[in-house]
Structure formats: C-alpha cells, structure tokens
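Below, chains carry the letters A, B, ... as their sequence lines are ordered, and counting in each starts from 1.
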There are 2 protein chains.
Amino acid sequence: MGRPPMEKRSRVPEPTISRLATYFRCLAELQDQQVAVVSSEEIAFRAGVKASQFRKDLSYFGEFGVQGLGYPVPHLLRRVSSILQLDQAHKVALLGAGNLGTALAGFPGFSRWGFQILWIFDASPAKVGQSINQIVVESSSALPRPLGADLGILAVPTQAAREAAQLLVDSGVTALLNFTGAHLHLGPQVTVRNVDLTHELAVLAYHATQLQKAVDP
Amino acid sequence: MGRPPMEKRSRVPEPTISRLATYFRCLAELQDQQVAVVSSEEIAFRAGVKASQFRKDLSYFGEFGVQGLGYPVPHLLRRVSSILQLDQAHKVALLGAGNLGTALAGFPGFSRWGFQILWIFDASPAKVGQSINQIVVESSSALPRPLGADLGILAVPTQAAREAAQLLVDSGVTALLNFTGAHLHLGPQVTVRNVDLTHELAVLAYHATQLQKAVDP
DNA sequence: TAGATTGTTAATCGATTAACAATC
DNA sequence: TAGATTGTTAATCGATTAACAATC
C-alpha cells in the first residue's frame with residue numbers, strides 16, 4: 001500500500017554517507033538540547049553544508065520531513081542511525097597492541113557509539129596475555145579463525161599491514177579501518193577506510209606554507 | 001629566460017594535493033628500489049589512479065618528465081617533496097597527553113617524514129612535568145605564547161577542543177590536525193584536517209551491512 | 001628514424017547548488 | 001488561508017578521463 005516508489009535507491013554517493021555521519025552527530029546534539037523540530041536550513045548550518053545538500057542527501061533514503069515545518073528530531077535521528085546501522089552494537093577486532101592500538105582500545109568515543117572492541121591481537125609474545133581494557137591480548141597466530149566481528153582495526157607496523165589485513169579478511173571481517181600507511185588491495189568484498197597520519201601531515205605542511213605565502217608576499 | 005609560462009598556477013584542487021602525498025610515498029619506494037625512471041602508467045598503477053590523473057596532477061606545478069621516456073625518479077621525488085614542503089623539518093606542537101596524544105608522540109612515521117614534535121601540553125596537573133619521548137609535558141595554561149610551530153595536533157577530549165584549538169591558533173599555528181570529534185571554525189587563516197575515528201567507523205558500519213546485503217539476498 | 005610517452009586540450013562524468021512546484 | 005519549508009528537478013560547477021599533438 002502507500003509505500004513510496006522504492007528503487008529510488010539509486011547508488012548513494014560516498015560523500016553522502018560521510019555527511020550522514022555528521023548529521024547524526026548534529027541530531028544527537030539537538031536531541032540532547034530537547035529540540036523537537038529542526039529545519040534543513042538550521043541543521044545544514046550546524047553541519048557546515050548547504051540546506052539543499054542536506055535535503056538531497058536524505059532524499060536517497062526516503063522522505064523524513066514535514067513541509068512547512070521541518071524535521072522531527074527524534075524521528076530523523078532514529079532513521080539516520082538506522083541507515084548508518086548505529087542503532088545496533090558492532091563487534092570490533094583490533095590488530096596491534098602497540099601505543100596506537102592501546103590508545104584506540106581505550107578510546108571513549110567508540111563505546112559511546114556502540115562500537116565494542118572484543119578482540120585484541122598482537123604478534124609480539126611480550127604483549128600476548130596482557131590485559132588491555134579488560135581484554136586479554138591474543139597471539140596473531142590464533143588467526144585466521146571465524147570471529148563474527150563486524151569491523152576490523154589495523155594498528156600494526158606498516159610492514160606487517162598486508163599480512164595482518166589478510167588475517168582479518170580470512171576471519172570474516174568485511175570492513176576495515178587501516179592506520180598503517182600501506183595501500184591495501186583486498187578486493188571489492190572488503191571496504192577499507194584509511195587513516196594515514198603522515199599523509200594528513202603532508203597535506204597540512206603544504207597548506208601551512210601556502211597560507212604563509214598569502215600573508216607575506 | 002626559457003622559464004615556462006608561470007601563472008599556469010591556477011588553483012590546485014584539494015584532491016590533487018592529497019594524491020601528491022601518495023605519489024611521494026610511491027616515489028620514495030621506487031628510489032629505495034634504485035629505479036631510475038618511471039612512466040606515468042607505472043607510478044599511477046602503484047598509486048591506484050589513472051595515468052592521465054597523475055600527469056594532470058603534476059601539470060599544476062610544471063613539467064617534470066621526458067617525452068618518450070618517463071620521469072627521472074630522483075628528480076621528481078625532489079620536486080614533489082619540495083612542493084609538499086617535505087624537504088624541510090616541521091615543528092609540531094601537540095595538545096593533549098592522554099592515551100592518544102602519547103601514542104602520537106611516539107609515532108615513528110612522524111620523524112621519518114621530518115615532523116618533529118617539540119612541545120606537548122596538557123591541562124591535567126598529573127601529566128605536567130612528566131616526560132614523553134624526551135619531551136617534558138607543559139601546562140596548557142602556558143599557552144598562548146609564540147611558539148614558532150608550523151603544525152598543531154589536537155588530541156584533547158572533545159569538550160575541550162574549541163578552547164584548545166584557539167590556544168594553538170593564538171600561539172601562531174596555522175595548520176591543525178584535529179583528532180577530537182568537534183567541528184572547528186577557525187577562519188580562513190587556519191587549515192584544519194579532521195581525523196574523526198567514530199565518523200570513520202560509522203561509514204564502515206554502513207558499508208559492512210551493505211556488503212552483507214550484497215551477499216545474502 | 002620509429003616507438004614511446006609526455007603535457008594539454010576537450011569530452012565525460014558526477015556531485016553540488018539553485019530554483020520551484022507540492023503541500024503541510 | 002497565508003507563510004514556511006520540504007522533496008525534486010534542472011543548471012552549475014569542478015574534477016576525472018580519454019585522446020592526441022608535441023617531442024624525446
């Protein structure tokens with residue numbers, strides 16, 4: 001019955017997904033502030049985008065607003081978190097218990113958004129058996145094995161990246177957050193997001209001097 | 001004299017800068033492997049882009065190749081690192097000496113690319129005076145003061161982000177790597193790169209289920 | 001010279017934005 | 001109803017890619 005013409009589900013652009021995560025954060029804030037309804041103008045401003053961008057982004061997933069009024073915050077928040085799957089917990093496997101891995105294991109933002117690190121693996125015997133955040137570090141040699149993990153985080157040294165990534169994939173992980181500088185080619189079955197710190201700093205280094213040039217001639 | 005028609009320096013697209021950092025890494029690898037000359041086809045393949053993309057990206061900065069031959073690796077590496085300012089050291093100020101900040105302070109990738117963390121600040125008296133990687137943690141209340149830092153890294157709790165960012169800006173930092181989830185509006189004088197871990201995980205969560213849907217109907 | 005590969009132009013593609021009819 | 005704001009279409013913008021003349 002009145003179901004809207006599905007298969008408007010044309011391919012969703014990647015930038016739209018990324019912005020959806022931003023909208024989610026804004027909506028959570030509005031919810032906290034007990035705001036009942038928000039206009040596209042207002043939320044777009046908070047998210048740092050154009051109002052038409054916001055409406056267009058939502059339009060890939062359906063209709064969520066009331067003409068002449070705006071968007072009911074609780075309802076939209078529920079819908080966006082459902083789209084991003086943030087309405088359910090996600091089991092995360094972490095590879096690498098060095099400085100970075102340890103920091104990530106304790107990162108408060110993760111649990112707040114429903115991401116639970118349930119496994120930590122490390123290649124070094126010195127690390128294996130230690131507890132980090134109530135999780136006992138296992139040996140990497142215990143992989144691959146079926147984990148039932150939704151996401152994987154790669155925080156091993158760059159040289160170990162390829163092998164470690166493959167262990168996760170062979171353990172059934174289909175989405176990977178990669179902190180090693182390495183480029184991973186894992187096929188279309190696996191989504192990879194790269195966080196490359198030196199890459200970011202290189203881009204900043206370029207801009208820092210560009211800005212200085214703009215100041216002194 | 002024979003200087004090529006400058007002011008081809010039209011605005012350089014942001015994605016180009018980001019890819020330049022990738023090319024830099026590839027070139028460093030080729031250099032290590034003693035490769036003397038590389039074609040756009042070969043290096044583009046390694047960087048995961050189209051050959052024409054690579055050539056177009058370079059064209060914003062000049063001509064670096066030899067027709068019929070390819071690009072001399074050592075020369076191109078020098079030029080790219082000069083464009084990205086990676087041929088000189090960068091002084092970095094770090095705000096936040098928690099788990100993440102501490103991990104970043106010890107990150108081996110930074111020093112290898114010429115980024116030197118020279119200052120660490122933290123608000124907590126418990127942290128002040130401690131040494132991390134041979135650097136004594138100073139109190140945030142010692143800021144703002146002119147640092148002569150090129151880059152800043154923000155690794156404080158999200159709630160402290162805005163204030164901490166302003167301290168760095170008031171200390172003369174014009175380029176900022178922001179690990180807090182907060183959106184910073186610091187004006188056009190300051191470049192900000194955001195690394196938002198929960199944001200990345202949210203995008204991955206979406207893709208992970210998309211992929212599962214693709215497998216089971 | 002013949003073959004290869006660059007640098008650049010023009011065509012294509014996709015994402016952003018403005019505009020507006022639909023409608024609460 | 002009049003005013004406001006959505007959802008969507010069409011126009012704009014910018015980035016990617018293909019094609020090719022220049023030239024080593």
In Watson-Crick or G-U wobble terms, both distances under 3.5 Å, what is the partner of D/dT23?
C/dA4
Return whichever of A/K56 or A/V66 has its heavy-atom-nearest nucleotide of DNA chain C closer to the 5' end.
A/K56
Is there a Watson-Crick or G-U wobble partner for C/dT17 with both distances under 3.5 Å, and if so, which one is it?
D/dA10
My understanding is that only one of A/V173, A/L167, A/V169 makes a side chain to side chain contact (heavy atoms under 4.5 Å, CB included) with A/P144; could you say which?
A/L167
To the nearest Å, how far apart are B/Q67 CD and C/dT5 P?
12 Å
Separation of C/dA2 P from B/L69 CG (nearest whole Å):
19 Å
With A/L168 as partner, the option from A/V190, A/L154, A/I153 fulfilling side chain to side chain contact (heavy atoms under 4.5 Å, CB included) is A/L154
Counting heavy atoms from C-beta on, name the nucleotide in C/dA19, C/dT8, D/dT17 closest to the side chain of B/K50.
D/dT17
At under 4.0 Å, does any side-chain N or O of A/S39 touch on OP1 or OP2 of D/dT5?
no
Rounded distance (Å) that lies between atom C1' of D/dT17 and atom CG of B/L58
16 Å
Side chain of B/Q53: nearest nucleotide among C/dA18, C/dT8, D/dT16?
D/dT16
Salt bridge present between A/D170 and A/R145 (N-O < 4.0 angstrom)
no
Between A/R19 and A/D57, does any NZ, NE, NH1 or NH2 come within less than 4.0 Å of an OD or OE carboxylate oxygen?
yes
I want to verify a distance call: between D/dA19, D/dT8, C/dG7, whose nearest atom is closest to the B/E63 side chain?
C/dG7
N or O in side chain of A/R11 less than 4.0 angstrom from C/dG14 OP1/OP2:
no
Rounded to whole Å, CG of A/D57 lies from P of D/dT6 at a distance of 14 Å
It should be established whether A/Y71 places a side-chain nitrogen or oxygen under 4.0 Å from OP1 or OP2 of nucleotide C/dC24.
no
Checking all strands, does B/S40 fall into the base, sugar-phosphate, or nothing category for heavy-atom contacts under 4.0 angstrom?
sugar-phosphate
Measure from the side chain of B/R55, starting at C-beta and using heavy atoms only, and say which of D/dT5, C/dA19, C/dT8 lies closest.
C/dT8
Whole angstrom value for the distance that separates P of D/dA15 from CZ of B/F54
19 Å
Atom-to-atom span, CZ of B/F64 to P of C/dT8 - whole angstrom:
10 Å
B/F61 CZ to C/dT6 P, in whole Å, measures 18 Å
Rounded distance in Å - CG (B/L76) to C1' (C/dT6):
13 Å
SB check B/R46 B/E42 (cutoff 4.0 Å)
yes
